[in-house]
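Have a look at the structure below, then the notes.
By convention in this document, chain letters (A, B, ...) are assigned in the order of the sequence lines, proteins followed by strands, and residues within each chain are numbered from 1.
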2 protein chains.
Amino acid sequence: MDQIDTEILQQLQRSAKISMKELATIVHLSSPAVIERVKKLEEQGIIEGYTTKVNLKKINRSIQAIILFKSIDCKSLSNFCNAHPDVLECYRVAGEISYIVKIATYSVETLEQFIDDAMPYGTPSTNIVLSRTENSVIKPFTLE
Amino acid sequence: MDQIDTEILQQLQRSAKISMKELATIVHLSSPAVIERVKKLEEQGIIEGYTTKVNLKKINRSIQAIILFKSIDCKSLSNFCNAHPDVLECYRVAGEISYIVKIATYSVETLEQFIDDAMPYGTPSTNIVLSRTENSVIKPFTLE
DNA sequence: AGTTTTTTCTTATATTATAAAGCAAAATGA
DNA sequence: TCATTTTGCTTTATAATATAAGAAAAAACT
């Protein structure tokens, strides 16, 4: 991981579909050299994959919520959440809270249904997302 | 948005770098037809972009935390968080909590520093992430 | 039924990814 | 210190892919 790899990673995060040719001119290398570096980043597991960001509102997932659970049966809740199609992310955490679930659902009714279904596993504290910001490019740590 | 678009979106979420040719065989269309559909999904804003998933631990971001704030000066906190390089996501929410920040940092020391720096904006409740699951393919809603 | 619009296919071309060979610098080891 | 190995790069050549253009089919509308 040198500065060139760092630049490559940042560019790929910014846009996964950048061509190896364009990437090559940015980092002042030939495209086969860049392809080789990218392949190594993949093999090392630093790059986990390439994905597409979808606008949730435009596919009718108009409501997002972050639901917090305290002192619960984590195993059962985890199974329930991972099987539910509206769940985006689950976090097992240590702190005041023990489990955090992020969901994207269709309506207040489907949210209500989710909360009801989750109830048996613990007491949910539901927080509706009003707005969100994201840092889509994470700068890797580099030794100079 | 028909069933073909739904399939395309799911495949692209699974792997943004799938070739249009391969996608075409999956949905039983020619590649120009698929390219056209993808372009439309982009123009409609349903596809927001393509990104690369990076393994945070492998770039030394060994600690992740979800930090909750109650009744705070959202504007200032938001500015602080969005300027901080360790912050991944911020949520303005309505519920028991009013602001949620997800960070990926290097060590307990850098986490401590973040908490100290965030203190002026409200009382943070820090939850260290122990494990995480993700549903990386969100199924769009389709009329049959 | 006829017209217009949209979607798709085929073909042809341009772009891009990738494999191969060769070279130079750096690292390793006797 | 010198030989050997490894690593990373470049150039060249080839294969694969994306994409533009035009024609045909399907769908929607009057």
Atom-pair distance (CG on B/D2; C1' on D/dA27), nearest Å: 13 Å
Gap between atoms CD and P, on B/Q3 and C/dT7 respectively (whole Å): 17 Å
Gap between atoms NZ and C1', on B/K39 and C/dT8 respectively (whole Å): 15 Å
Plane angle bin for B/F114 and B/H84 - parallel if under 30°, tilted between 30 and 60°, otherwise perpendicular: perpendicular
Sidechain N-carboxylate O distance under 4.0 Å for A/R37, A/D2: yes
A/L23 CG to D/dC9 C1', straight-line distance once rounded to whole Å: 16 Å
Carboxylate-amine/guanidinium proximity below 4.0 Å for A/D86 and A/R61: yes
Qualifying salt bridge (Lys or Arg N to Asp or Glu O under 4.0 Å) pairs with a residue from residues 103-113 of chain A, counting only residues at least two apart or across chains: none
Between D/dT7 (P) and A/I4 (CD1): distance, integer Å: 18 Å
DNA chain C-proximal residues of residues 26-38 of chain B, any heavy atom under 4.0 Å: B/L29, B/S30, B/P32, B/A33, B/E36, B/R37
Verdict with supporting geometry, A/K70 and A/Y99, side chain to side chain donor-acceptor pair (under 3.5 Å): CA-CA 7 Å; A/K70 294 188 192 188; A/Y99 207 76; over 6 Å; no
Pair B/K17 + B/E22, salt bridge at N-O below 4.0 Å: no
C/dT7 phosphate, OP1 or OP2, under 4.0 Å from B/K40 side-chain N/O: yes
Enclosure of B/K21 NZ (heavy-atom neighbours >12, cutoff 6.0 Å): no
Salt bridge flag under 4.0 Å for residues A/R132 and A/E134: yes
Atom-pair distance (CD on B/E43; P on C/dT7), nearest Å: 12 Å
Aromatic contact, A/Y121 with A/F69 (centres under 6.0 Å): no
Integer-rounded Å distance: C/dT7 C1' and B/I8 CD1: 13 Å
Can you give me the N/O atom pairs linking the protein to nucleotides 14-16 of chain C at distances under 3.5 Å, or say none if there are none?
| residue | atom | partner | partner atom | Å |
| --- | --- | --- | --- | --- |
| C/dT16 | OP2 | A/K21 | NZ | 3.3 |

